[in-house]
Amino acid sequence: MKMTVTDYTYDDPELGRFHIRVSFRARRLTFRVKGRELWVTIPAGASVSEVKRAIDSLRPRLRHLMSAQVRPLMNLDYRIDAPCFHFSLTWGTASRFLLRREGEEAQLVCPPDTDFTDAKLQDWLHRVVSEAMRSRAKEVLPLRLEMLARAHGLTYHSVKINASTGRWGSCSARGDINLSFHLMLLPLHLIDYVLLHELSHTREMNHGPRFWDLLDRMTGGKAHALREELKAYRCSF
């Protein structure tokens, strides 16, 4: 059976509901998570059986995407304790929220009647933490990138901080480096690894032997070990 140009849903016993959208521009199936549900964009003419086969073949990856969307409840027990960024919540006496920031420390003072079970409040709290982390990243990452570039004789065109949860960083062919503010969750040596990884792309725009040789020289022969260590961390909070 071929799909017509409309929207469909498909309920998977393990992963839940998939929202399926047909696009004339799509050349392949693409999956993304939105609102803690999975959305699939498919080429016109793709069949239901093709979608099901794709889901089965990508099941481990889709399971990981869904698990990454399960956010811990933010309340007075919630803390982020990373080397470059600390966040906590505490009770206050005022009727409004107050964010205190000093260096790597950020603390949100909450009204005494705060209901942490409210879903809209949880979304707002997530945005507050994101903005605090982004602000800290803008203070730390550009300076650290410049220092590492000078130390290793490398140059880049620009650096921007973004909210990516798909990758820690990227580098364009013209040397524009993008860094996720989620780098603030990493240990210092892994932050440096990601920055050096992107700086290496200013000379080698691939992951061939010369790229890894360069990165190895800058990390004391630990490039592959650091790459494996980084896999234990999520580009989100």
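Not measured: the values here are computed from a predicted model.
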Testing the basics here: between Cys235 and Ser180, what is the closest heavy-atom pair and its distance to 0.1 Å?
SG-OG, 3.6 Å
Residues Asp56 and Arg53 bridged, charged N to O under 4.0 Å
no
Is a side-chain N or O of Ser130 found less than 3.5 angstrom from the main chain of His126, in a donor-acceptor match?
yes
With Val129, the side-chain contact (heavy atoms from CB on, under 4.5 Å) member among Ile80, Leu89, Leu108
Ile80
Rounded distance [0.5 Å steps], CG in Leu230 versus CG in Leu186
6.0 Å
Closest heavy-atom pair and its distance - Pro187, Pro83:
CA-CG, 3.9 Å
Under the side-chain hydrogen bond (donor to acceptor under 3.5 Å, both in side chains) test, which residues partner Arg210, sequence neighbours left out?
none
Do the side chains of Leu143 and Val194 join up, straight or via other hydrophobic residues, at under 4.5 Å, putting them in one cluster?
no
To the nearest 0.5 Å, what is the distance between OG (Ser170) and CD1 (Ile177)?
8.5 Å
Determine whether Leu183 and Ile161 make a side-chain contact, defined as any pair of heavy atoms from C-beta on separated by less than 4.5 Å.
no
All ring-ring contact (aromatic ring centres under 6.0 Å, His included) counterparts of His197, not counting sequence neighbours:
Tyr193, His201, His207, Phe211
Could you check whether any side-chain N or O of Glu105 sits under 3.5 Å from a backbone N or O of Glu102, counting only pairs where one atom can act as donor and the other as acceptor?
no
For the atom pair CG (Leu195) and CG (Leu190), what is the distance rounded to the nearest 0.5 Å?
11.0 Å
ILVMFWY network linking Val109 to Trp124, side-chain heavy atoms under 4.5 angstrom:
no
Considering all heavy atoms, the nearest Ala132-Ala106 contact
CB-CB, 4.3 Å
Applying salt bridge (Lys or Arg N to Asp or Glu O under 4.0 Å) to Asp123 and Lys120, what does each step give before you reach the verdict?
CA-CA 5 Å; Asp123 288 339; Lys120 290 184 178 178; over 6 Å; no
Under 3.5 Å donor-acceptor, Gln122 side chain and Phe116 backbone:
yes
4.5 Å side-chain heavy-atom contact, Phe18 and Asp12:
yes
Do the side chains of His189 and Glu229 get nearer than 4.5 Å, heavy atoms only?
yes
Heavy-atom count around Arg101 CZ within 6.0 Å, excluding the residue itself: above 12?
yes
Between the main-chain N or O of Pro111 and the side-chain N or O of Thr114, is there a donor-acceptor pair closer than 3.5 Å?
yes
Report the C-alpha separation of Arg150 and Glu146 in whole Å, then their side-chain angles, then the decisive distance to 0.1 Å, and conclude whether the salt bridge (Lys or Arg N to Asp or Glu O under 4.0 Å) test is met.
CA-CA 6 Å; Arg150 289 183 176 180; Glu146 181 180 2; 2.7 Å; yes
So, taking the atom named CG in Leu215 and the one named CG in Leu196, what distance separates them when rounded to the nearest 0.5 Å?
6.5 Å
When hydrophobic residues are tied together by side-chain contacts of less than 4.5 Å, even through go-betweens, does Trp91 share a cluster with Leu73?
no
Could you walk me through whether Glu198 and Val159 satisfy the side chain to side chain contact (heavy atoms under 4.5 Å, CB included) test, starting with their C-alpha distance in whole Å, then the side-chain angles of each, then the deciding distance to 0.1 Å, before giving a yes or no?
CA-CA 11 Å; Glu198 302 312 327; Val159 57; over 6 Å; no
Is any side-chain heavy atom of Ser88 closer than 4.5 Å to one of Arg79?
yes
Applying side chain to side chain contact (heavy atoms under 4.5 Å, CB included), run through Trp39 and Thr41 and close with a yes or a no.
CA-CA 7 Å; Trp39 293 70; Thr41 302; over 6 Å; no
Spacing of OG1 belonging to Thr219 relative to CG belonging to Leu214, to within rounding of 0.5 Å
9.5 Å
Residues Met205 and Ala173: closest non-hydrogen pair is CE-N, 3.9 Å
Side chain to side chain, Phe87 and Leu99, heavy atoms closer than 4.5 Å:
yes
Looking at Ala223, is its backbone amide N or carbonyl O close enough to the side chain of Asp216 to form a donor-acceptor pair, meaning the two atoms are under 3.5 Å apart?
yes
Note, Glu104 side chain near Cys84 side chain (heavy atom, < 4.5 Å)
no
Value rounded to 0.5 Å, distance of CG in Leu121 from CZ in Phe97
5.0 Å
Hey, are the side chains of Ile191 and Met184 touching, using non-hydrogen atoms and a 4.5 Å cut-off?
yes
The test is side chain to side chain contact (heavy atoms under 4.5 Å, CB included); show your working for Met218 and Leu154 and say whether it passes.
CA-CA 11 Å; Met218 294 192 295; Leu154 297 171; 3.7 Å; yes
Could you tell me if the side chain of Ile42 sits less than 4.5 Å from the side chain of Glu50, heavy atoms only?
no
Working note: Arg59 + Leu15, criterion side chain to side chain contact (heavy atoms under 4.5 Å, CB included); need CA distance, chi angles, decisive distance, verdict.
CA-CA 8 Å; Arg59 189 168 295 276; Leu15 298 171; 3.8 Å; yes
What is the minimum heavy-atom distance between Pro43 and Ala26, and which atoms define it?
CB-O, 3.3 Å
Can you tell me which residue pairs pass the ring-ring contact (aromatic ring centres under 6.0 Å, His included) test with a partner in residues 127-182, sequence neighbours excluded?
His182-Phe237
